[in-house]
Every structure is written in structure tokens, then in C-alpha cells.
**Q** 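Once you've had a glance at the structure underneath, I'll fire off some questions.
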Amino acid sequence: MAVGLGTMREELTETSVDKLFTYGEADRLIARPKAQEDLEKIAKSERGDHRLRVLAHELLLLLGKDPDPKMVRIYCEAVPGAFMHNWWGLPGHHLGRLGENLVRFGEAALPYLVTEFDDPDQIRYLGAEAAICRERKYSVGDLMAWLACRILDRPFPDGVDPDVRMAPRMQLRDELAAKLSSEKSERKAAVEEKKKERKRKRASK
């Protein structure tokens with residue numbers, strides 16, 4: 001492993017989102033020699049853990065790079081437990097830094113978000129609104145639905161009682177799952193039709 005990459009990987013392993021984006025450590029890391037090259041290798045590493053890959057991608061965004069569409073699954077799979085959830089957002093209220101960048105992936109994130117709408121684990125939240133989070137007992141499923149609602153620009157099924165929020169969230173899950181399944185079938189049918197068309201053209205020559 002190259003020394004530059006090892007050092008950058010060690011830095012990201014030892015730091016936190018708070019240190020990077022609240023206390024300015026991100027500026028120091030992106031100013032390192034070969035920072036972009038090292039960060040790209042970490043972000044693209046299939047064997048890297050989600051936390052490191054997301055942090056590397058966030059620093060690449062600071063360097064002016066466009067979001068990498070291949071990172072959408074990594075971001076979505078990092079939501080449940082890779083970071084404190086205030087970095088993703090407070091359901092029904094606002095988005096955190098990571099949540100804003102996840103939403104930038106658009107509808108490509110929906111297949112990964114919708115599968116976690118029923119996750120009952122309570123989110124871990126720090127900050128001034130932690131009391132609201134505890135009072136309403138927001139779950140990872142709530143957070144996933146909130147992110148999906150922001151992508152789709154539709155109302156989030158909020159409420160004080162988590163049991164009351166569950167039914168509309170599951171309804172939204174089923175609606176989106178059906179829509180995604182239909183779109184997948186349509187794409188598959190379109191691919192098959194193109195194959196048949198190519199065969200017909202070859203046969204007519």
C-alpha cells in the first residue's frame with residue numbers, strides 16, 4: 001500500500017465527522033499532497049468499510065468533485081449505524097450534512113432506502129433537538145422514510161406517536177416497492193425488445 005494512501009486512511013480511521021466538519025479538520029486533510037488521488041482510492045475501494053468510503057467521498061465533494069453515482073448504495077447502507085444520526089437529519093424537521101448529500105443522488109437511492117422503512121432501531125441523536133428525538137422515539141425506519149420523502153418532494157408521515165407513524169410509513173414503503181418493481185420490469189422488457197430487434201435486423205440482412 002502506498003504511504004500516502006495509508007496515511008490518509010489512518011487519518012480518516014482516527015477522526016470523526018464532528019472533527020472534520022465542525023472543527024475544521026477537513027481543510028487540513030484536503031490540503032495534503034495527493035489528497036484527491038488518495039481519497040478517490042479510499043472511496044472506490046470495494047473492500048473499504050462504509051464509514052471510511054463516505055468520509056472520503058465527503059472530502060472529495062469539498063474539493064469540488066461531482067457526487068459519484070456508484071456511492072449511492074454505500075451512503076444508504078451507512079445510514080443505520082455508521083455515524084450519529086444527526087448527521088443524516090431529524091425526521092420531519094431537517095437534513096444533516098450527510099443527509100443532504102444522500103438526497104443529491106435522487107431517485108437512485110430509493111431502492112436502498114425503502115428496504116429499511118421497517119427498521120425499528122431508535123436513532124442516536126446529538127444536539128439541541130435530541131430531546132425531540134427521544135420524545136418521539138424516531139427510528140431508523142423513520143429516518144429512511146424522511147430521506148425518501150425529501151427526494152420525492154412529498155409530505156413525511158410525522159407524528160408524536162411512533163405507532164401512529166408506522167402505518168403510513170408502511171403504506172409508503174409498499175407504494176414505492178410496487179413502483180420500483182414495475183419500473184424494473186419495464187426496463188427488463190425494453191432490453192429484451194432491443195435484443196429481439198437486433199436479431200430481426202441481422203436475420204433480414
**Q** If you measure from the Lys or Arg side-chain nitrogens to the Asp or Glu carboxylate oxygens, is any gap between Lys41 and Glu37 under 4.0 Å?
**A** yes
**Q** When rounded to the nearest 0.5 angstrom, what distance separates CZ in Phe117 from CG in Asp174?
**A** 10.5 Å
**Q** State, yes or no, whether a side-chain contact exists between Leu12 and Leu59 at a heavy-atom distance under 4.5 Å.
**A** yes
**Q** Does Tyr125 have Arg134 sitting over its ring (NZ/CZ under 6.0 Å from centre, angle to axis within 45°)?
**A** no
**Q** Can you tell me how far the CG atom of Leu55 sits from the OG1 atom of Thr13, to the nearest 0.5 Å?
**A** 9.0 Å
**Q** Just so I know, are the side chains of Met71 and Lys44 near enough to count as touching, which here means a heavy-atom distance under 4.5 Å?
**A** no
**Q** Looking only at non-hydrogen atoms, find the nearest pair between Pro91 and Asp158 and report the distance.
**A** O-OD2, 4.1 Å
**Q** With no hydrogens and no angle check, is any side-chain donor or acceptor of Asp121 less than 3.5 Å from a backbone partner on Val140?
**A** no
**Q** Closest heavy-atom contact between Leu29 and Ala35?
**A** O-CB, 3.6 Å
**Q** What about Leu63 and Val17, same hydrophobic cluster or not, with Ile/Leu/Val/Met/Phe/Trp/Tyr joined at side-chain heavy-atom distances under 4.5 Å?
**A** yes
**Q** Taking side chain as C-beta onward, heavy atoms only, is Arg198 less than 4.5 Å from Arg202?
**A** yes
**Q** Please answer: with hydrophobic residues joined when any side-chain heavy atoms are less than 4.5 Å apart, are Val54 and Leu126 in the same cluster?
**A** yes
**Q** Got Phe21 and Arg97 here, is their nearest side-chain heavy-atom distance under 4.5 Å?
**A** yes
**Q** For the residue pair Lys137 and Asp161, establish whether any side-chain heavy-atom pair is separated by less than 4.5 Å.
**A** no
**Q** Decide if the gap between the ring center of Tyr75 and the ring center of His57 is smaller than 6.0 angstrom.
**A** yes
**Q** When rounded to the nearest 0.5 angstrom, what is the spacing between NZ in Lys19 and CD in Glu14?
**A** 8.5 Å
**Q** How far apart are the C-alpha atoms of Val160 and Arg165, what are their side-chain angles, what is the distance that settles it, and do they pass the side chain to side chain contact (heavy atoms under 4.5 Å, CB included) test?
**A** CA-CA 8 Å; Val160 176; Arg165 294 195 302 270; 5.9 Å; no
**Q** With the side chain counted from C-beta on, respond yes when Lys194 and Val191 share a heavy-atom pair under 4.5 Å apart, and no when they do not.
**A** no
**Q** List the steps and the verdict of side chain to side chain contact (heavy atoms under 4.5 Å, CB included) for Val72 and Leu102.
**A** CA-CA 7 Å; Val72 60; Leu102 188 155; over 6 Å; no
**Q** Do Thr15 and Glu25 get their side chains close enough for a donor-acceptor pair, meaning under 3.5 Å?
**A** yes
**Q** Hey, any chance Met170 and Leu180 share a hydrophobic cluster, counting ILVMFWY side chains that come within less than 4.5 Å of each other, even indirectly?
**A** yes
**Q** Counting only N and O atoms by type, is there a donor-acceptor contact under 3.5 Å from the side chain of Arg53 to the main-chain atoms of Ser45?
**A** yes
**Q** Within this structure, what is the CD-CG distance for the pair Glu116 and Asp142, rounded to the nearest 0.5 Å?
**A** 13.0 Å
**Q** Is it true that a side-chain atom of Ser182 and a backbone atom of Ala178 form a donor plus acceptor pair closer than 3.5 Å?
**A** no
**Q** Going from CZ on Phe105 to NZ on Lys70, what distance comes out if it is rounded to the nearest 0.5 angstrom?
**A** 12.5 Å
**Q** Please report the C-alpha distance between His93 and Tyr138 in whole Å, then the side-chain angles of each, then the deciding distance to 0.1 Å, and finally whether the side chain to side chain contact (heavy atoms under 4.5 Å, CB included) criterion is met.
**A** CA-CA 12 Å; His93 295 76; Tyr138 284 125; 3.3 Å; yes
**Q** Check Trp88 against Met84 and note the closest heavy-atom contact, atom names and distance.
**A** CD1-O, 4.1 Å
**Q** Testing the basics here: between Leu152 and Glu107, what is the closest heavy-atom pair and its distance to 0.1 Å?
**A** CD2-OE2, 3.9 Å
**Q** Determine whether Leu90 and Trp146 make a side-chain contact, defined as any pair of heavy atoms from C-beta on separated by less than 4.5 Å.
**A** no
**Q** Decide yes or no on side chain to side chain contact (heavy atoms under 4.5 Å, CB included) for Asp38 and Arg9, but give the supporting numbers first.
**A** CA-CA 8 Å; Asp38 291 344; Arg9 185 182 296 276; over 6 Å; no
**Q** If every non-hydrogen atom of Arg169 is compared with every non-hydrogen atom of Ser139, which pair is closest and at what distance?
**A** NH2-OG, 3.7 Å
**Q** Inspect the surroundings of CD in Glu175 and state if more than 12 heavy atoms from other residues, nucleotides or ligands are less than 6.0 Å away.
**A** yes
**Q** Going from NZ on Lys179 to CG on Leu110, what distance comes out if it is rounded to the nearest 0.5 angstrom?
**A** 7.0 Å
**Q** Quick test of your reading of the model: are Glu100 and Arg104 salt-bridged, counting only N-O distances below 4.0 Å?
**A** no
**Q** Quick one: are Leu113 and Ile151 in side-chain contact, heavy atoms under 4.5 Å?
**A** yes
**Q** Whether the side chain of Thr115 engages the backbone of Tyr112 through a donor-acceptor N/O pair (distance < 3.5 Å, no angle test) should be reported.
**A** yes
**Q** Please report the closest heavy-atom contact between Pro111 and Val114, naming both atoms and the distance.
**A** O-CG1, 3.6 Å
